[in-house]
Amino acid sequence: AKRQGRNTFQFYTAEMNAVTLEKLRLENELRHALSRKELVLHYQPQVNLQTGQVIGVEALIRWKHPTMGMVSPAKFIPLAEESGLIVPIGEWVLREACQQSIRWQEMGLPALKMSVNLSALQFKKQDVAELVRLVLEETGLAPHLLDLEFTESLVMEDTEHILAVLASLKQIGVRLSVDDFGTGYSSLSYLKRFPVDTIKIDRAFVQSVHHTQEDAMLTRAIIALAHSMNLKTVAEGVETEAQLDFLMEHQCNEVQGFYFSRPLVVQDLEQLLLQRAHF
Ligand code: C2E
Ligand code: CA
Ligand code: CA
Ligand code: CA
């Protein structure tokens with residue numbers, strides 16, 4: 001057993017080295033991704049459930065690596081956070097998304113809300129409020145058209161600093177959304193303390209509303225709670241008509257998911273908006 005233990009240990013060491021090396025390699029590649037223009041944004045439509053209209057899009061980052069192909073954000077965002085690269089990458093995302101929004105306005109497309117994901121690290125390592133102010137000024141985008149998404153875990157930290165940054169952002173006039181709501185095991189009391197406009201119900205809830213009674217109840221409760229606090233609800237990960245019916249019945253405000261559209265490249269989103277501005 002002892003020898004087996006040692007072999008196992010060696011096996012894991014070799015394995016870990018391989019994983020570490022792979023990570024280092026990827027991190028090094030990511031370091032150049034920005035300057036090599038390998039990063040691109042896709043946009044997923046958000047649909048108002050009452051009118052069926054596309055009222056906004058969420059910008060989602062993609063990494064087109066020349067040899068590795070498409071690297072999923074699930075893989076490189078954690079790495080970008082560990083290495084701090086999320087700060088310059090996040091800044092690029094914000095600027096690019098705002099510029100794109102203006103390009104659509106200039107094309108005569110109806111003004112859409114632009115949702116941009118912010119990493120917790122951006123709140124800690126840089127003055128996000130100042131950055132947002134600057135980018136809005138540079139691009140000329142109206143603040144109310146920008147919606148910043150941050151995760152529940154950020155507000156759960158509940159520090160004076162984060163509270164102050166969110167207050168400055170609110171002052172600028174942008175909208176604030178809590179992403180992946182329901183996954184953080186948080187007390188809901190923070191919602192009262194933070195100047196949040198919208199909660200995005202995590203797709204884990206949405207996708208199981210017709211499988212488990214508990215999730216259906218939770219989803220219903222989240223929507224009711226949000227509305228009682230004058231918060232808007234967006235359900236993400238809607239894939240089926242049954243999920244859509246459930247969300248409609250319980251008066252969720254907006255939906256996003258493959259049922260309507262996957263995240264699209266700029267041209268495909270433009271096509272969609274020109275052909276069918278509502279569902
Ligand atoms: P998220 O912010 O929760 O984004 C929603 C994710 O759900 C996206 O995955 C989207 O493609 C996917 N999705 C949308 N509709 C459906 C559906 O109906 N079914 C299923 N199964 N999935 C759906 P994606 O694009 O792979 O992004 C993964 C995560 O990476 C995002 O989760 C977000 O946390 C992060 N991310 C993406 N772009 C950025 C960015 O620009 N900055 C930061 N900080 N994080 C980003
Ligand atoms: Ca998001
Ligand atoms: Ca989410
Ligand atoms: Ca998520």
Side-chain angles (χ1 to χ4, degrees), residues 46 48-49 55-56 58-59 77-78 81 84 86-87 90-91 93-94 97-98 113-136 141-206 214-215 217-237 247 250-256:
Q46 299 172 324
N48 178 301
L49 261 189
I55 39 80
E58 178 176 3
I77 292 289
E81 287 181 330
I86 193 68
V87 174
E91 186 169 334
V93 170
L94 180 69
C98 291
K113 174 181 74 178
M114 175 62 78
S115 295
V116 173
N117 293 285
L118 290 183
S119 154
L121 209 68
Q122 292 180 267
F123 283 81
K124 291 168 195 163
K125 290 278 153 93
Q126 88 188 134
D127 189 343
V128 197
E130 190 46 41
L131 174 68
V132 167
R133 200 191 315 276
L134 189 73
V135 170
L136 289 174
L141 184 66
H144 74 274
L145 290 178
L146 181 62
D147 188 327
L148 300 174
E149 299 187 2
F150 47 87
T151 58
E152 206 177 3
S153 56
L154 180 82
V155 278
M156 274 163 64
E157 293 180 23
D158 199 357
T159 64
E160 288 307 314
H161 170 67
I162 285 161
L163 197 62
V165 178
L166 292 176
S168 315
L169 286 168
K170 201 65 238 166
Q171 193 86 42
I172 295 170
V174 299
R175 302 194 225 186
L176 301 176
S177 297
V178 180
D179 205 355
D180 302 343
F181 188 85
T183 57
Y185 306 100
S186 56
S187 97
L188 300 174
S189 59
Y190 73 79
L191 282 179
K192 266 205 267 194
R193 315 213 320 113
F194 290 87
V196 169
D197 303 286
T198 307
I199 60 176
K200 295 192 77 175
I201 304 168
D202 193 73
R203 73 163 179 266
F205 292 102
V206 174
E214 287 80 20
D215 277 317
M217 269 165 50
L218 268 175
T219 305
R220 220 166 58 201
I222 290 172
I223 296 172
L225 171 90
H227 289 168
S228 75
M229 297 175 89
N230 276 322
L231 298 173
K232 213 173 60 181
T233 48
V234 179
E236 53 179 29
L247 294 163
H250 295 99
Q251 274 140 43
C252 183
N253 302 102
E254 291 169 20
V255 282
Q256 198 182 330

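Keep in mind that the numbers below use all heavy atoms, side chains included, and drop hydrogens, waters and symmetry copies.
- For A129 against S168, the heavy-atom pair with the smallest separation is CB-CB, 3.6 Å.
- No donor-acceptor pair under 3.5 Å is formed between the side chain of N117 and the backbone N or O of E149.
- Residues I55 and E254 have side chains in contact (heavy-atom distance under 4.5 Å, counting atoms from C-beta outward).
- The shortest side-chain heavy-atom distance between T183 and E152 falls under the 4.5 Å cut-off.
- Take R133 and apply the side chain to side chain donor-acceptor pair (under 3.5 Å) test, not counting sequence neighbours, and it matches E130.
- Atom CG of L136 is separated from atom CG of L145 by 9.5 Å, given to the nearest 0.5 angstrom.
- Evaluation of the side chain to side chain donor-acceptor pair (under 3.5 Å) rule for D197 yields K170 as partners, not counting sequence neighbours.
- Contact annotation: the side chain of L247 approaches that of T219 to within less than 4.5 Å [non-hydrogen atoms, C-beta and beyond].
- Within the model, atoms CG of L166 and CZ of F150 stand 4.5 Å from one another, a figure rounded to the nearest 0.5 Å.
- The two atoms that bring A59 and M114 nearest to each other are CB-SD, 4.2 Å, heavy atoms only.
- Nearest heavy-atom pair, D180 versus E236, reported as atom, atom and distance to 0.1 Å: OD1-OE2, 3.2 Å.
- In this structure a side-chain-to-backbone donor-acceptor pair under 3.5 Å is present from T233 to N253.
- The line from CD1 of I199 to NE2 of H227 is 8.0 Å long, rounded to the nearest 0.5 Å.
- At least one donor-acceptor pair closer than 3.5 Å links the side chain of H161 to the backbone N or O of F123.
- The residue from L146, V132, D147 that alone fulfils the side-chain contact (heavy atoms from CB on, under 4.5 Å) condition with V116 is L146.
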Item to complete: List the steps and the verdict of side chain to side chain contact (heavy atoms under 4.5 Å, CB included) for E91 and V135.
Response: CA-CA 9 Å; E91 186 169 334; V135 170; 5.7 Å; no

Worksheet entry | Audit row: L231, V178, side chain to side chain contact (heavy atoms under 4.5 Å, CB included) steps and yes/no | CA-CA 10 Å; L231 298 173; V178 180; over 6 Å; no

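- Residues I77 and S119 are not in side-chain contact: their nearest non-hydrogen atoms beyond the backbone lie 4.5 Å or more apart.
- Taking each heavy atom of G237 and V206 in turn, the nearest pair found is O-CG1, 4.0 Å.
- The line from CZ of R220 to SG of C252 is 14.0 Å long, rounded to the nearest 0.5 Å.
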Item to complete: Please report the C-alpha distance between T198 and R175 in whole Å, then the side-chain angles of each, then the deciding distance to 0.1 Å, and finally whether the side chain to side chain contact (heavy atoms under 4.5 Å, CB included) criterion is met.
Response: CA-CA 8 Å; T198 307; R175 302 194 225 186; 5.6 Å; no

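- Nearest approach of L141 to C98, heavy atoms of both residues: CD2-SG, 3.7 Å.
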Practice prompt. Would you sort out whether L176 and F194 count as a side chain to side chain contact (heavy atoms under 4.5 Å, CB included), showing the intermediate values?
Written response: CA-CA 10 Å; L176 301 176; F194 290 87; over 6 Å; no

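- Taking CG of L169 as the start and CD of Q171 as the end, the distance is 10.5 Å to the nearest 0.5 Å.
- Remark: M217 CE is loosely packed, at most 12 non-hydrogen atoms of other residues, nucleotides or ligands lying under 6.0 Å away.
- Looking at heavy atoms from C-beta onward, Q251 lies out of side-chain contact with L49 at the 4.5 angstrom threshold.
- Considering CG of D179 and CG of L154, their distance stands at 11.5 Å, rounded to 0.5 Å.
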